[in-house]
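Worksheet: one structure, shown below.
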Amino acid sequence: MQFSFTSEQEELRSVLRRYFEDTSPTSTVRRLMETERGWDAADWRGLHDQIGLGGVHVPEAYGGLGLGFVELGIVVEEMGRALVCSPFFASSVLATTAILNAADETQKAEFLPKLASGETVATLAFAEPNGRWDVEGVGMTARPGGGRYRLDGVKSFVLDGASADLFIVLARAPGSQGSQGLSLFTVRRDAPGLTVQPLAALDPTRKLARLAFEGVEADLLGEPEGAAAPFARTLAQACAMLASEMVGGAERLRESALEYASLRMQFGRLISSFQSMKHKQADMLLEVELAKSAAYYAAAAADDDAADFPAVAHLAKAMASDTYLQTAIHTIQIHGGIGFTWDNDTHLWFKRAKSSEVFLGDAAWHRERMIQTWAA
Amino acid sequence: MSTTSEEALRAEVRSWLEANWDPERELVAWRNLLIDAGWGAPTWPNRWYGRDLSPELAQVVDQEIRRVGAVGVARAGPRSLAQAVLLAHGSDGQKEQFLRRSLTGEDTWCQLFSEPGSGSDPAGATTRADFRDGRWVVSGQKLWTTSAHHADWGLLLARTDWDKLKHQGLSYFLIDMRQPGVEVQPLRQMNGHASFNQVFFTDAEVAADHLVGERGGGWAVATTTLMHERRGFDSFGAGAGPTDVRPGRTHAQASAEAATALEPYVWYPQRTGRVDLVLEGARASGKLDDPVVRQEIAKLLSLAKSVEWTARRARAAQAAGRPPGPEGSLGKLAASLIARAAARVHTQIAGADAMLTGADGPLEGLIAEILVSTPAISIAGGTDEIQRNIIAERVLRMPKEPSPDLDRPFRDVPRSVAT
Ligand SMILES: Cc1cc2nc3c(=O)[nH]c(=O)nc-3n(C[C@H](O)[C@H](O)[C@H](O)COP(=O)(O)OP(=O)(O)OC[C@H]3O[C@@H](n4cnc5c(N)ncnc54)[C@H](O)[C@@H]3O)c2cc1C
């Protein structure tokens, strides 16, 4: 198991750090978050054409870089740090990973090159208005007919659902239950019977949508009624990646709190000289380092297909959920009144911490999953 | 640096053990053999019984020794502090006199830093050492001295100059604990054990060549001691575990050692919280089916795992030649969090039985011992608050605490205990 990054990986990180500092300052984040789609097509092309982030973990045969989750984790960590407004997580992480896990060779050849080049923006539509993150909660039905399927039901909390061209949709055979009868499908955005409704998201940097399907024609992706295992794997890998994204944001918050405390004076001294501030910072450092260790371990475990995966993915997501939000709360507190203003940037990360805390399952839910696999 | 490969090393240790390990050997003789071969302290320099091996490779040596069921050298307790201090600051004469005997277990050590008036602030020591007739004469009181009742030698921090600034008037000594001027009184702890003591010095003597480093240079040596202590204390260090009982004279003598010199440490594993007992305990009591308890167990295991991974990141960074991070103090602080969380979880698992101890208590009183031992971890070896100060000041470079004790001769520094 890898416990340190190679020099190539460190180099990737520092290139990305500089790139996102240039291309995603908070002025840009603020501008994009006010738009409906929430990202900019030129920036998206830049990610692919300028720094070549297309298909990080996609094999080279399908137009990707052929790297692994450790590298993908570095990318999303840096994106989380800079709060990059982009459909990267939806398309390059969620949808791409689902295709990698579930699709057959022909389908991979059909979809992956376009996803890797950024030509297609895809997303994964699996949760429903009931807000459950497990497959048991899926109610959407898929009726076979004429070599294709017809989908009926509603998907919700679909990341970048209003701006994606392609949806990877999880649905079940009519009458099936639990993890039985599940299949994945691809649906084009312009498919008749599909209504896309943007949702008002608390975190304006992470756009969500609700998709209503009424007899929408869909193509099967991978094995019929064989989606349970590849989908579970996809979610676990996505959780490891989301944890990486989250620790990137948490570290940035921790640093910004330290920076502010080192400038602000009260009672004739820097607030950073007050012991309660010092101790809070020490605790924040410890918590963020622990969450980083968990996220890094989970990414490496995903690559190694380690025996403790997916338990460690649940662990990493739970740690990241608690730590990111707690760090955001501390950071606002350390800023005092200015920390509660719209003009101060802290709330941008606070809201991302809140949405990420819940997205793909909250800490308690993941802990329960973890202990179920661990104690089994 | 040695470039021995792991396999070659393993083979070498293995064949050496095959040729030399004999469970009927006398303990000290066996340990001397290990030491002479360089397997007793493989990370130490060649010149001093070692082989200059990296900690990773040294683990291979330990694994092989354990694999054949052989007894290792003496390492537990404050002797490891003495060893670190001697290697870093000792004169050749001091190394010659003490290093080997510390590894064979012939000498045991204690750490004489804390006093009634100075605990978190060991540089505030008021035990005095005065140079008279070619030797040092020591008077004063030390407190919370673990193992002083068994120790042959002590690592003593004492004041040799009262007119200098606080940190500049200290010197560091190796003191013979078995002499008339040293009186040791055991203190009973809240967990019923009596591992620590108070120690009174009345004109106790220290030979001139048992001063470590320079006169007035004691704080630098003390800092080495404290750094090693934190590292060894924290959950990143190897924990003392129960030793198996095996046949043979060497093992019999090692168990006798465990029953006497190591007796103060029998409860040490319990103060870490014993995360290893949690899942089994929860399963046995049926509490593993309680979703509330499961949440707490999962929190604890996540914490323990991520602390372990953080330690491995730190070691990997070190092995890659990157500068050591803040892991010493982070690790000690993390160990306190784990111990507290573990005590909470053990209580949830035990339910009403958590009120019972001894034979009536869960696991024959082991759980009760955990519950009354975990408070030590956030105090001993530097409190949590001190660790947070260190992290904030040294790692995050935040301003230092105001220090009204640093601008005047130590003589004039306000103190809570009169001297
Ligand atoms: C089991 C055990 C074994 C021990 N073994 C040894 C031993 O072998 N040798 C030895 O020398 N000592 C030993 N000690 C002593 C230990 O190092 C001290 O108890 C510890 O450093 C705290 O010192 P104190 O007890 O004087 O408390 P104090 O220093 O008086 O601290 C009291 C409280 O004040 C807080 N405090 C103090 N200074 C600050 C500050 N600057 N900022 C914020 N808060 C502060 C502390 O965190 C603590 O909460 C042992 C202690 C225990 C519990």
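Just so we're on the same page: letters track the sequence lines, and every chain starts at 1. Please read all numbers here as calculations on a predicted model, not as lab measurements.
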With chain B, the option among A/K278, A/R269, A/Q275 that has the most non-hydrogen atom pairs under 4.5 Å is A/K278
So which of A/S4, A/S272, A/A295 has the largest heavy-atom pair count under 4.5 angstrom toward chain B?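 Heavy-atom pairs under 4.5 Å are most numerous for A/S272.
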Any heavy-atom pair between the side chains of [Y] and [X] that's under 4.5 Å?
| X | Y | result |
| --- | --- | --- |
| A/M265 | A/L270 | yes |
| B/I390 | B/R230 | yes |
| B/K166 | B/S403 | no |
| A/R367 | B/K299 | yes |

Most contacts with chain A, counted as non-hydrogen pairs under 4.5 angstrom, among B/E385, B/R313, B/R294: B/R313
Go through B/P291, B/S302, B/P402 and name the one with the most non-hydrogen pairs under 4.5 angstrom from chain A.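 Max contact count across the listed options: B/S302.
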Under 4.5 Å from a heavy atom of chain A, the part of [X] involved:
| X | answer |
| --- | --- |
| B/N389 | both |
| B/L396 | both |
| B/R283 | side chain |
| B/L337 | side chain |

Can you name the residues of residues 248-263 of chain A that have some heavy atom under 4.5 Å away from a heavy atom in chain B?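 Heavy-atom contacts from residues 248-263 of chain A to chain B are A/R254, A/L258.
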Cut-off 4.5 Å, heavy atoms of chain B, and the answer for A/K292 is both
Portion of A/A318 that has a non-hydrogen atom of chain B nearer than 4.5 angstrom: neither
Just checking A/Q333: does its CD atom have more than 12 heavy atoms from other residues, nucleotides or ligands closer to it than 6.0 angstrom?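 Not more than 12 within 6.0 Å, no.
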Does a donor on one side chain and an acceptor on the other come within less than 3.5 Å for [X] and [Y]?
| X | Y | answer |
| --- | --- | --- |
| A/Q372 | A/E368 | yes |
| B/T310 | A/S293 | yes |
| A/Q9 | A/E71 | yes |
| B/S336 | B/K332 | no |

On the six-membered ring of A/F5, is A/R13 placed so that its NZ or CZ lies under 6.0 angstrom from the centre and within 45° of the ring axis?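 Cation-pi check for A/R13 and A/F5: passes.
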Is NZ or CZ of B/R271 both nearer than 6.0 Å to the six-membered ring centre of B/Y268 and within 45° of the ring axis? yes
